[in-house]
Amino acid sequence: MLATATIADLLATVVQNRPLTSDVNILTIECPAIAAAAKPGNFVNIKVSDTTQPLLRRPFSIHNVEGDCIELMVKSVGKGSSLFCNSPVGARVMVLGPLGNSFSASGNFETALLVSGGIGTAPMRFLEKALLAEGKKVINLIGGRSQKELLALNLSNCRFATDDGSAGFKGTVVELLHSELAGFGEAESLKVFACGPNPMLKALAGFCREHRLACDLSLESVMGCGIGICYGCSVELRNPDGTIQPILLCKEGPVIQAERIAL
Ligand SMILES: Cc1cc2nc3c(=O)[nH]c(=O)nc-3n(C[C@H](O)[C@H](O)[C@H](O)COP(=O)(O)OP(=O)(O)OC[C@H]3O[C@@H](n4cnc5c(N)ncnc54)[C@H](O)[C@@H]3O)c2cc1C
Ligand code: FES
């Protein structure tokens with residue numbers, strides 16, 4: 001997991017806005033400096049403005065990088081994300097990034113299990129590309145409450161879990177992971193990468209600890225500045241000696257090793 005070296009705060013243009021579902025859009029933003037420096041797991045802090053609303057900055061994972069552009073997968077949940085989601089092509093937004101640390105696509109494992117829930121699939125496209133470039137095998141395990149919440153744009157080898165059984169495995173994505181593990185031989189080395197709601201990530205961290213699986217999780221917290229100034233993103237992690245330590249997730253995360261999650 002590497003910290004980001006070069007951070008820019010740029011006025012950038014929305015060059016494409018594609019609806020993916022009724023409340024999730026893919027926004028393409030031209031910002032060459034951020035696209036060039038971005039790594040899978042990094043996020044950007046976006047300030048959207050219009051004439052009637054106050055300025056807002058909100059964090060979004062980098063979904064993909066294509067040339068001079070970054071792509072963001074944005075779900076409308078409240079005022080800031082809805083305003084951003086509905087940005088017309090040509091809209092100008094402030095983009096601060098790339099922020100945070102990153103997933104490491106290299107390392108001593110053969111198969112990457114990408115476990116995501118809901119909008120947590122957002123960083124997986126960029127991560128999958130990096131893993132495939134490293135010669136790793138990739139399997140996506142994707143969870144949602146029902147079929148219409150499953151997001152799998154441009155992801156390969158997808159297996160699904162839904163709470164209501166409307167698609168794929170009926171149950172949580174952690175239970176799906178459990179059922180999939182039986183298909184791997186003893187000798188196959190695995191690593192789990194995950195992003196999703198914090199309760200899902202806590203359950204996954206416990207599961208991976210129990211099954212001795214290496215696992216990196218991208219956590220969420222409310223973030224104001226994204227650069228260690230406001231102290232709004234403090235979360236408690238466990239040190240190897242068992243003591244609990246608060247960290248700023250925007251600086252030391254959002255990617256955290258599962259064994260550091262205080263259960
Ligand atoms: C590192 C990181 C990466 C993220 N990546 C994505 C992504 O790729 N796509 C995506 O759709 N969403 C992502 N989110 C969540 C997204 O930032 C929030 O949904 C958004 O900030 C909500 O703003 P709002 O004004 O629409 O909602 P509000 O009306 O302010 O609140 C709605 C909900 O969002 C939560 N929330 C509010 N502000 C924040 C904030 N600054 N950070 C986190 N949660 C907040 C509130 O607790 C509440 O539950 C990410 C969050 C973090 C921390
Ligand atoms: S978001 Fe401000 S300190 Fe982390």
Side-chain angles (χ1 to χ4, degrees), residues 1 3-4 7 9 17-29 34 38-50 52-65 70-87 93-103 114 116-128 142 144 149-155 193-201 216-237 246-256:
M1 286 175 283
T4 307
I7 297 175
D9 195 10
N17 185 349
R18 291 172 286 156
L20 188 60
T21 67
S22 59
D23 59 357
V24 177
N25 286 29
I26 306 286
L27 287 104
T28 306
I29 302 175
I34 295 175
K39 295 189 168 62
N42 289 161
F43 66 98
V44 288
N45 221 7
I46 299 276
K47 185 153 69 175
V48 192
S49 67
D50 71 5
T52 55
Q53 310 239 21
L55 295 176
L56 300 152
R57 233 183 229 282
R58 292 291 187 251
F60 298 97
S61 302
I62 298 176
H63 169 65
N64 192 24
V65 171
I70 59 167
E71 293 178 350
L72 306 177
M73 180 188 274
V74 180
K75 180 170 178 151
S76 291
V77 296
K79 196 163 80 172
S81 53
S82 308
L83 197 58
F84 184 40
C85 223
N86 294 318
S87 297
V93 290
M94 289 301 293
V95 188
L96 175 66
L99 300 174
N101 63 355
S102 56
F103 289 115
L114 275 49
S116 58
I119 195 66
T121 53
M124 296 309 182
R125 162 96 172 119
F126 194 17
L127 174 59
E128 177 176 310
I142 300 171
E149 280 198 8
L150 297 173
L151 300 166
L153 183 71
N154 292 320
L155 295 176
F193 297 85
C195 186
N198 283 350
M200 173 202 123
L201 296 180
D216 286 347
L217 311 161
S218 180
L219 290 181
E220 260 204 37
S221 74
V222 172
M223 289 188 184
C225 66
I227 49 171
I229 296 169
C230 72
Y231 281 69
C233 64
S234 178
V235 297
E236 292 192 329
L237 297 183
I247 59 128
L248 294 180
L249 196 66
C250 69
K251 296 285 286 181
E252 292 190 44
V255 179
I256 301 291

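Excluded from the calculations below are hydrogen atoms, water molecules and symmetry mates; all remaining heavy atoms, backbone and side chain alike, are included. Every number for a ligand or one of its atoms is a count from 1 in the order of the listing.
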Nearest-contact summary for atom 18 (C) of ligand 1 - protein heavy atom, Å: V77 CG2, 4.4 Å
Give the single entry among S81, S82, P59 that approaches atom 13 (C) of ligand 1 most closely by any heavy atom. P59
Closest non-hydrogen atom pair between V44 and I70, with its separation: CG1-CD1, 4.1 Å
For atom 53 (C) of ligand 1, is the nearest protein heavy atom closer than 4.0 Å? yes
Under 3.5 Å, N or O to N or O, is G80 touching ligand 1 that way? yes
Just by modelled atom types, is the V255 backbone N or O under 3.5 Å from a matching donor or acceptor in the N101 side chain? yes
Report yes or no: does D9 contribute a side-chain atom to a donor-acceptor pair with the main-chain N or O of M94 at less than 3.5 Å? no
Relative to the ring of F193, is the ring of F103 parallel (under 30°), tilted (30 to 60°) or perpendicular (over 60°)? perpendicular
Which distance, rounded to the nearest 0.5 Å, do you find between the CG of L99 and the CG of N42? 7.5 Å
Looking at atom 48 (C) of ligand 1, would you say a protein heavy atom lies below 4.0 Å from it? no
Mark whether atom 10 (C) of ligand 1 lies under 4.0 angstrom from at least one protein heavy atom. yes
Looking only at protein heavy atoms, which one is nearest to atom 46 (C) of ligand 1, and how far off is it? V222 CG2, 4.8 Å
Suppose the cut-off is 2.8 Å; how many protein N/O/S atoms fall inside it around atom 4 (Fe) of ligand 2? 2
The closest protein heavy-atom partner of atom 30 (O) of ligand 1 is R58 NH2, 3.1 Å
Under 4.0 Å from atom 35 (C) of ligand 1, can you find at least one protein heavy atom? no
Got the closest protein heavy atom to atom 29 (O) of ligand 1, with its distance? G78 CA, 3.4 Å
